[in-house]
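Single-structure report; data block below.
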Amino acid sequence: MEQFADGILIGFGSFWLLGFFAFGFLSLREHVPRAAWISFGVGTLLALPLFLALLLPALTKAAIAFLILGLMLVFVILVLYSPESSQENPPQRQERYDERDVVFSRARLTPGEPKYDRYYAMRPENLATDEKFRAQPGLLSPDAPKAEPLTFAASESSFDLTEYVREAVDGPVSTQVTRASPDTITHMIKGFAFHLGAHSVGVAELDPTHLYSHVGRGTGAYGDPILLDHQYAIAFSVEMDYDMMGRAPEAPVVLESARKYVDAAVIAIQIANLCRRLGYPARAHIDGNYRVIVPLVARDAGLGEIGRIGILITPRLGPRVRLGVVTTNLPLMPSKGKGDSSIISFCEICKKCAENCPSKAIPFGNREGEPGGQRWKLDEIRCFTYWNVIGTDCGLCMAVCPFSHPDNWAHNLVRKFIRRSPFSRRMALWLEDLFYARKLIPRTHPIWLPRRDK
Ligand code: SF4
Ligand code: SF4
């Protein structure tokens with residue numbers, strides 16, 4: 001019995017010590033010293049009493065060993081017990097959304113031009129709010145408080161590139177059709193996307209409500225109805241750099257956004273081109289030139305769930321991604337599993353993004369809407385006006401989201417727990433607050449980037 005008790009004490013003591021120290025060293029590599037030091041401290045505090053208990057009389061050691069085993073059993077039951085169903089119905093949107101109403105389309109309207117007059121004749125209720133963001137210095141403005149001239153110029157150089165390739169989203173279709181089974185071709189297309197740098201890839205059947213109703217930006221005539229008869233959509237994500245996003249809301253964030261829009265555009269254009277070379281129509285949907293509501297398509301392609309933040313939360317990188325879509329008639333196999341209700345359950349208790357949002361654009365309350373179509377509604381005008389005040393695209397909500405941690409064994413273990421049960425989610429949130437705090441602790445500024453001098 002004494003040997004058994006010693007084994008339990010040594011086993012659990014070593015487990016806590018090695019586990020937390022491994023996480024501590026990983027946190028140092030991730031440039032999060034707070035998490036590292038807390039991890040070293042917690043590992044020591046949990047392991048040391050167990051090692052010291054080895055000096056106690058045999059009966060006391062046995063009692064402690066059985067107490068530990070009992071607590072572990074209760075813990076396992078609580079982690080495994082999940083009263084909820086793991087899947088929720090995909091949102092049902094009845095009406096198509098007009099891209100002219102998207103704040104980025106409205107921001108491109110200039111007083112005095114016919115488009116401006118047409119839009120505000122159609123939506124007079126939006127004029128006052130839009131004039132407020134137009135009165136601010138503006139995104140990437142040298143007069144904005146977060147302006148850093150070199151970083152802003154580098155960001156513009158990337159945004160320019162997505163403009164240059166605008167026309168490349170579509171093109172001639174090969175008259176020679178290459179045939180293969182949907183399984184084979186889907187496998188190949190996904191592999192190609194990963195090869196080009198995508199982090200996750202999925203396929204959805206294109207639904208009419210995925211499409212905007214009218215052109216608001218990009219190629220095509222402003223206000224034209226959108227007619228796209230493609231059957232499938234390939235959606236993918238690209239990862240945004242953890243350290244750059246950790247500088248939110250400073251200039252490195254907008255530089256990283258711009259770079260990842262380019263990456264997503266380059267991948268989408270190549271995949272669309274591949275589909276057309278195989279003999280099937282295809283269109284890439286890239287920054288500033290969309291025909292589809294990208295987060296909805298990505299959700300239905302199994303890439304994640306729309307969270308409190310109002311954008312897609314992917315299971316392994318959270319919102320720290322940029323998305324791209326290709327629509328096509330190439331016969332494909334749709335991905336299984338849409339959405340992830342555990343992300344919604346976690347968002348219900350977390351609220352970290354809402355607490356950190358400087359413009360108060362993220363709701364604290366419950367999701368709104370009809371059953372089956374409920375979602376959190378981001379106040380995009382508040383958010384966008386704030387961007388125009390500071391000059392960057394902020395990104396604080398992305399940086400603080402617990403799902404945004406790097407894609408590695410430690411964080412993926414926590415993500416697995418989050419999927420398991422309400423108890424696991426509470427525990428994951430408690431640990432998140434302990435190791436990372438409720439407010440963003442800015443990460444180190446990239447040494448190659450100049451700092452703002454005001
Ligand atoms: S910060 Fe929390 S509430 Fe906000 S999106 Fe991320 S998980 Fe959801
Ligand atoms: S980007 Fe900034 S302002 Fe916009 S919702 Fe996120 S935290 Fe709020």
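Count residues from 1 along the sequence. Counting starts at 1 for both ligands and their atoms, in listed order. Bear in mind the structure is a predicted one, so any value in this text is a computation, not a measurement.
- You'll find the side chain of Tyr212 stays beyond 4.5 Å of the side chain of Val292, heavy atoms only.
- Residues passing the side-chain hydrogen bond (donor to acceptor under 3.5 Å, both in side chains) test with Arg382, sequence neighbours excluded: Asp379.
- Of all protein N/O/S atoms, those lying under 2.8 Å from atom 8 (Fe) of ligand 2 come to 1.
- The nearest heavy-atom contact from the protein to atom 3 (S) of ligand 1 is Lys351 N, 3.3 Å.
- Contacts of Ile343 with ligand 1, taken as heavy-atom pairs under 4.0 Å, are absent altogether.
- The distance from ligand 1 to the heavy atoms of Phe403 drops below 4.0 Å at these ligand atoms: 7 (S).
- Using cut-offs of 30° and 60° for the angle between ring planes, the Phe21 and Phe40 rings count as tilted.
- With a 6.0 Å radius and a threshold of 12 heavy atoms from other residues, nucleotides or ligands, Phe15 has its CZ atom at or below the threshold.
- One of the N, O or S atoms belonging to Cys347 lies under 2.8 Å away from atom 8 (Fe) of ligand 1.
- At least one heavy atom of Trp387 lies less than 4.0 angstrom from ligand 2.
- For ligand 1, the atoms closer than 4.0 angstrom to any heavy atom of Arg308 are 3 (S).
- Shortest contact from atom 6 (Fe) of ligand 1 to any protein heavy atom: Cys401 SG, 2.4 Å.
- Ring-plane geometry between Phe75 and Phe417 is classed as tilted, the angle between the planes lying from 30 to 60 degrees on a 0 to 90 degree scale.
- Of all atoms in ligand 1, numbered sequentially from 1 with element shown, those under 4.0 Å from a heavy atom of Cys350 are 1 (S), 2 (Fe), 3 (S), 7 (S).
- A side chain to side chain contact (heavy atoms under 4.5 Å, CB included) with Arg308 is found for one member of Cys350, Cys397, Cys401, Cys353 and no other, namely Cys353.
- Less than 4.0 angstrom separates some heavy atom of Ile313 from each of these atoms of ligand 1: 5 (S).
- Within the structure, the closest approach of Gly307 to ligand 1 does not fall below 4.0 Å when heavy atoms are considered.
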Exercise for review: Take Arg106 and Asp130, measure what salt bridge (Lys or Arg N to Asp or Glu O under 4.0 Å) needs, and give me the verdict at the end.
Suggested key: CA-CA 7 Å; Arg106 284 150 64 179; Asp130 293 5; 2.8 Å; yes
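- Remark: distances from the non-hydrogen atoms of Val400 to ligand 1 are all 4.0 Å or more.
- Looking at heavy atoms from C-beta onward, Asp393 lies in side-chain contact with Val253 at the 4.5 angstrom threshold.
- Note that Lys351 lies outside the cation-pi zone of Phe364, set by a 6.0 Å cut-off to the ring centre and a 45° limit from the axis.
- Summarising the local packing, CH2 of Trp430 is surrounded by 12 or fewer heavy atoms from other residues, nucleotides or ligands at distances under 6.0 Å.
- Of all atoms in ligand 2, numbered sequentially from 1 with element shown, those under 4.0 Å from a heavy atom of Gly395 are 1 (S).
- When side chains are defined from C-beta on, Arg134 counts as touching Leu109, because their heavy atoms get closer than 4.5 Å.
- Each of the atoms 7 (S) of ligand 1 lies under 4.0 Å from some heavy atom of Phe346.
- The number of heavy atoms from other shown groups lying within 6.0 Å of NZ (Lys360) is above 12.
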